[in-house]
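Please read the structure below before turning to the comments.
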Amino acid sequence: AHTFAEPARRAGARALHLPLPVLERAGRPAGFELVGTNIHELDEIARAEALGADYLIASPVFAPSCKPLPGRGLDFLNAVIAQAHVPVLALGGITDATERQVRQTKAAGACRMSDYMRL
């Protein structure tokens, strides 16, 4: 489930992903086994972990096809992994080629979104 704790709870979800501003505003909601958040800057790692994030999604690692954002690159991903105390997943511009690059890091995985929506 993403963003909305109460509907997720009513649906019986055991995991919830919250944007960092939502996690900061509301805190970690009770009743979820797994709560994660996105980070876009290195200084967000400690805040996310202090708020109880069980995993982090570092983004955008590569330039996403759905938004006009530059990718932060593998150096950013590796820096997040080095500083984090929880698993880190990569998001942003993940394709067959870039996923192979992510797999060369110590990331817990890669999240694809727009790449899977192509016809």
Side-chain angles (χ1 to χ4, degrees):
H2 194 288
T3 305
F4 302 101
E6 288 311 311
R9 191 175 283 114
R10 285 192 304 270
R14 297 181 347 209
L16 181 65
H17 185 87
L18 296 174
L20 185 56
V22 174
L23 184 60
E24 288 177 316
R25 184 174 57 250
R28 182 187 170 110
F32 292 96
E33 295 174 19
L34 188 68
V35 175
T37 193
N38 291 71
I39 61 102
H40 306 287
E41 301 293 338
L42 295 177
D43 66 356
E44 295 173 336
I45 297 168
R47 292 195 332 250
E49 291 180 341
L51 291 165
D54 297 306
Y55 67 87
L56 304 175
I57 295 182
S59 73
V61 175
F62 302 100
S65 62
C66 62
K67 297 176 185 173
L69 298 173
R72 302 290 306 275
L74 291 174
D75 288 343
F76 169 69
L77 177 60
N78 283 317
V80 172
I81 293 166
Q83 290 184 33
H85 300 94
V86 297
V88 176
L89 299 133
L91 175 67
I94 306 297
T95 64
D96 288 344
T98 59
E99 185 174 340
R100 280 191 282 282
Q101 294 175 43
V102 169
R103 288 178 184 270
Q104 299 301 310
T105 72
K106 293 183 180 180
C111 305
R112 287 192 190 193
M113 292 174 66
S114 298
D115 188 59
Y116 281 136
M117 293 182 232
R118 292 179 292 145
L119 296 175

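The line from CG of Leu23 to CZ of Arg47 is 10.0 Å long, rounded to the nearest 0.5 Å. Distance OG1/Thr95 to CZ/Arg112: 6.0 Å, rounded to 0.5 Å. For the atom pair Leu42 CG and Arg72 CZ, the distance stands at 6.5 Å (nearest 0.5 Å). Atom CD of residue Glu41 and atom CG of residue Leu20 lie 11.0 Å apart, to the nearest 0.5 angstrom. Distance OG1/Thr98 to CZ/Arg103: 11.0 Å, rounded to 0.5 Å. For the atom pair CG of Leu77 and NZ of Lys106, the computed distance is 12.5 Å after rounding to the nearest 0.5 Å.
Here the closest non-hydrogen pair linking Pro87 and Asp54 is CD-O, 3.3 Å. Closest approach of Ala1 to Ala13, counting heavy atoms only: CB-CB, 4.1 Å. In terms of heavy-atom proximity, Val22 sits nearest to Thr3 at CG1-O, 4.3 Å. Here the closest heavy-atom approach between residue Glu99 and residue Ala110 is recorded as CG-CB, 4.2 Å. For the residue pair Phe32 and Ala5, the shortest heavy atom distance occurs at CZ-O, 3.5 Å.
Side chain of Asn38 to main chain of Pro19: no donor-acceptor pair is present (N/O by atom type, distance under 3.5 Å, no hydrogens or angles). Side-chain atoms of Glu49 come within 3.5 Å of backbone N or O of His85 as a donor-acceptor pair.
Within a 6.0 Å sphere centred on CZ of Phe4, other residues, nucleotides and ligands contribute 12 heavy atoms or fewer.
In the hydrophobic clustering of ILVMFWY residues, with side-chain heavy atoms under 4.5 Å counting as a link, Leu16 and Leu51 come out together. Hydrophobic clustering (ILVMFWY, side-chain heavy atoms < 4.5 Å, transitive): Ile39 and Leu69 are in distinct clusters. Under the 4.5 Å side-chain heavy-atom criterion for grouping Ile, Leu, Val, Met, Phe, Trp and Tyr, Ile81 is connected to Leu74 within one hydrophobic cluster. Clustering ILVMFWY residues whenever any of their side-chain heavy atoms sit less than 4.5 angstrom apart, transitively, puts Ile57 in a cluster other than the one holding Val35. One hydrophobic cluster, built from ILVMFWY side chains closer than 4.5 Å, holds both Ile45 and Val61.
Looking at Phe62 and Val102, their side chains come closer than 4.5 Å, going by heavy atoms from C-beta outward.
Checked by atom type, the side-chain pair His17/Thr37 shows no donor-acceptor distance below 3.5 Å.
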Give the C-alpha distance, both sets of side-chain angles, the deciding distance and a yes or no for side chain to side chain contact (heavy atoms under 4.5 Å, CB included) between Arg9 and Glu6. CA-CA 5 Å; Arg9 191 175 283 114; Glu6 288 311 311; 2.3 Å; yes
